[in-house]
Amino acid sequence: MPKLTIDGDEIEVPVGTTILQACEHAGIEIPHFCFHERLNIAGNCRMCLVEVERSPKPIASCAMPVADGMVVHTNSEKAVKARKGVMEFLLINHPLDCPICDQGGECDLQDQAMAYGFDRGRFEENKRAVRDKDFGPLVATHMTRCIHCTRCIRFLTEIAGVQELGATGRGENMEITTYIEHALGSELSGNIIDLCPVGALTSKPYAFIARPWELMKTESVDVFDAVGSNIRVDTRGGQVLRVLPRINEAVNEEWISDKTRFAIDGLRRRRLDRPYAGRRGARVEIDWSEALDTVADRLRRVPAERIAAIAGDLCDAESMFALKELMVGLSAPSLDCRQDGAKLDPQCRAGYLFNTTIAGIEEADACLLIGTNPRWEAPLINARLRKRHLQGGFSIAAVGPRLDLSFPVELLGEGGDTLGALAAGEHSWCERLRAAKKPMLVVGQGALARRDGGQVLAMARAIAETHRLVRDDWNGFNVLHHAAARVGGLDLGFVPGPGGLDVAAIIEGCRSGRIELLYLLGADETDIDDFGSAFVVYQGHHGDRGAARADVILPGAAYTEKDGTYINTEGRVQLGRRATFPPGDAREDWKIVRALSGLLGRPLPYDSLGELRHRLRAAYPTFAAVDRVGPAPWGEFGRAGPVDPAPFTYPIADFYRTDPISRASITMAECSDVFLVHHGELPAWTGTRG
């Protein structure tokens, strides 16, 4: 490894390390704008200039690899003068927008101008003006502020895989643009706001709302998909104003999806903030005691075998655990967390996890997608797959309808006949799987939510076992979830007990009269027209589909309003933290269930979140291993039998409106209108702003 001297100290670094990276390794800060450790090197801002002995002029440290014996001075007179000159040039055309710029207080240009710039400028010419661009409903542009670092271009091209931004013109006439003006069509486009070192790209929904020093910052996790992206929730008063990514190399690196970032305005609209009784048209507001008494009275009068419960996709583990204990105490066996009807087998944990892990994708060398569209179901996993593709030596094939992903995919077929050929080893792509050192497959909910989903799962297991995807040192079998609560519910055993009914049978039972009382815990993705004459209790935070049919509504808390435990698609236990309080009379979900159990004369044995978590972790030790992923034992799962040759379907038709929060979001409705309705994929949105 080469040795070099930086500011009088000799250090040793790996071959290929740049001077800037070597300086960071030595604890020396080098100013920069265009460099980013996850993007290809551009070397165009020149702010990172340092002096290297025997070099006639300052060197751009981000683009220069170290050499043995190199002597670097980061704070010499020449380096300091060069940086001041670069900063002076950057500020020639930069407008004096700091008082009204949304980047103020978080601006790299502000910080570095103070730390490394000159105390005055010598240019008196008129500043350049650049027309703002329309990048869609999410990203606001103020292109006069742009310093041409090209981070946004490189991110969309390299990470997101959407080659829509580029530079036109030369010199002072250079502009960042979409060539043909249109909205940025990437599910990760909001990340360019974080990457922009100046105020050229800002959040359009957040424009002129708050200053960073006014906000309370809470570390939490995302629930809009099953990736479990680490986020920071910024609040002021009782309002969530912003969501930003937190770095977690094993999960989301430092990116988040646009839905995670921008759907938060849905937290303010269509909220349930007090209990209600009666059906639509005759619904009246009641107090908590009357609501709970009504539900408790019904539960007492209905036989246990005629009671059912369904948990939704955004539920935390604590509320599902409390509801399960309540139902078990009532001897009601019909409960399910798989509201889409996915035929997942809760008996074998490896049969419903993303066993390769998200970071483990980077070790794979072949991938088979079965009935899944990762670009919409899990944009961050799609970005990992693209990252692995760019490294080379990675073959990707899919079984299902045509996909529009950010990397090339070989389409093998659309349905069960292709899957059967793969399981039997008769398909030509089987040779790729056999030749791969670390192959993986990904089964999506679109393949598992069919009537023959159990057979699909069994065939996927057969492919994994036949082609050695599962070994002592590697598990390439993966199930990709898109519901944040699904793995947690399966780990809790929130599934039918002996003699119990699953979701499909529960709905049929409501229609036939076999089920008299249905308890919906945030379940909004079921068909409300199929509940027949059953008495429906809805506990949730939005007036969505479940609340529309409910006879009693119990207002709960959204994910930003409670402390909760979530398990992501790879089986990683993560903690969400309360950033604000529920509106009005709404309460945390587990507390509602605990109060109901007391009225039934079967009080659950905990009165605080700490006591509940202690009991939860004692009953299910998986929940005690926070932020750790352990290997799940392999076993038998799925149901033997033929698979229907009908094409698979993908579970998400509209990425921007998949849950009660995003369906209440004005921003997500605008995105759906711009990206999907105008392309003829969806009917026009008829909502109103408010």
Are side-chain heavy atoms of Pro374 and Leu480 found at a separation under 4.5 Å? yes
Is the shortest heavy-atom distance from the side chain of Phe224 to the side chain of Asp659 under 4.5 Å? yes
Kindly check if the number of other-residue, nucleotide or ligand heavy atoms within 6.0 Å of CZ (Phe89) is above 12? no
Verify whether the ring centers belonging to Tyr656 and Phe262 lie closer than 6.0 Å. no
Any donor and acceptor pair, going by atom type alone, linking the side chain of Asn355 with main-chain N or O of Leu353 inside 3.5 Å? yes
Quick one: are Asp225 and Asp222 in side-chain contact, heavy atoms under 4.5 Å? yes
So, Arg246 and Asn252: side-chain donor and acceptor under 3.5 Å apart, yes or no? no
Under 3.5 Å: donor-acceptor pair, side chain of Lys204, backbone of Gly136: yes
Answer yes if the side chains of Ser662 and Ser665 hold a donor-acceptor pair under 3.5 Å, and no otherwise. no
Given the rule in the side-chain contact (heavy atoms from CB on, under 4.5 Å) test, do Phe135 and Leu165 qualify, once you have shown the distances and angles that lead to the verdict? CA-CA 10 Å; Phe135 286 175; Leu165 275 188; 3.4 Å; yes
Just checking, is any N or O donor in the side chain of Thr178 or Glu181 under 3.5 Å from an acceptor N or O on the other one? no
Closest heavy-atom pair and its distance - Ile370, Phe648: CG2-CE1, 4.0 Å
Determine, step by step, whether Arg657 and Glu670 satisfy the salt bridge (charged side-chain N to carboxylate O under 4.0 Å, His left out) criterion, reporting the C-alpha distance in whole Å, the side-chain angles of both residues, the deciding distance to 0.1 Å, and the verdict. CA-CA 10 Å; Arg657 293 187 287 183; Glu670 290 175 350; over 6 Å; no
Looking at Met47, is its backbone amide N or carbonyl O close enough to the side chain of Tyr116 to form a donor-acceptor pair, meaning the two atoms are under 3.5 Å apart? no
On a heavy-atom basis, which atom in Ile41 and which in Cys62 lie closest, and how many Å separate them? CD1-O, 3.2 Å
Pairwise distance CG(Leu244) to CD(Glu254) - rounded to 0.5 angstrom: 12.0 Å
Looking at Phe655, I'd like to know if the NZ or CZ of Lys259 sits under 6.0 Å from its six-membered ring centre while staying within 45 degrees of the ring's axis. yes
When you compare the side chain of Val139 with that of Ser203, does any pair of heavy atoms fall below 4.5 Å? no
Do you know the tightest heavy-atom contact between Ala366 and Trp429? CB-CH2, 4.4 Å
Do Asn248 and Glu253 have a side chain donor and acceptor closer than 3.5 Å? no
Ignoring hydrogens and angles, state whether a donor on the side chain of Ser406 or Asn382 is under 3.5 Å from an acceptor on the partner side chain. yes
N/O donor-acceptor pair under 3.5 Å between Arg242 side chain and Ile264 backbone: no
Under 4.5 Å between any side-chain heavy atoms of Lys127 and Ile92, yes or no? no
Holding to side chain to side chain contact (heavy atoms under 4.5 Å, CB included), I want the full list of residues that pass it with Glu164, two or more places apart in sequence or in another chain. Val162, His182, Leu184
Asp68, CG atom: more than 12 neighbouring heavy atoms under 6.0 Å: yes
When you check the gap from the basic side-chain N to the acidic O, do Arg46 and Glu88 get nearer than 4.0 Å? no
When you check the side-chain N and O atoms of Thr202 and Gln103, is any donor under 3.5 Å from an acceptor? no
So that I can tick it off, tell me whether Arg145 and Asp132 are bridged by a salt bridge, with the cut-off set at under 4.0 angstrom between side-chain N and carboxylate O. no
If you measure from the Lys or Arg side-chain nitrogens to the Asp or Glu carboxylate oxygens, is any gap between Glu362 and Lys438 under 4.0 Å? no
If the threshold is 4.0 Å, N to carboxylate O, is there a salt bridge linking Lys133 and Glu175? yes
Inspect the contact between Arg232 and Asp234 and indicate whether a charged nitrogen and a carboxylate oxygen are less than 4.0 angstrom apart. yes
Between Arg375 (side chain only) and Glu187 (backbone N and O only), is there a donor and an acceptor less than 3.5 Å apart? no
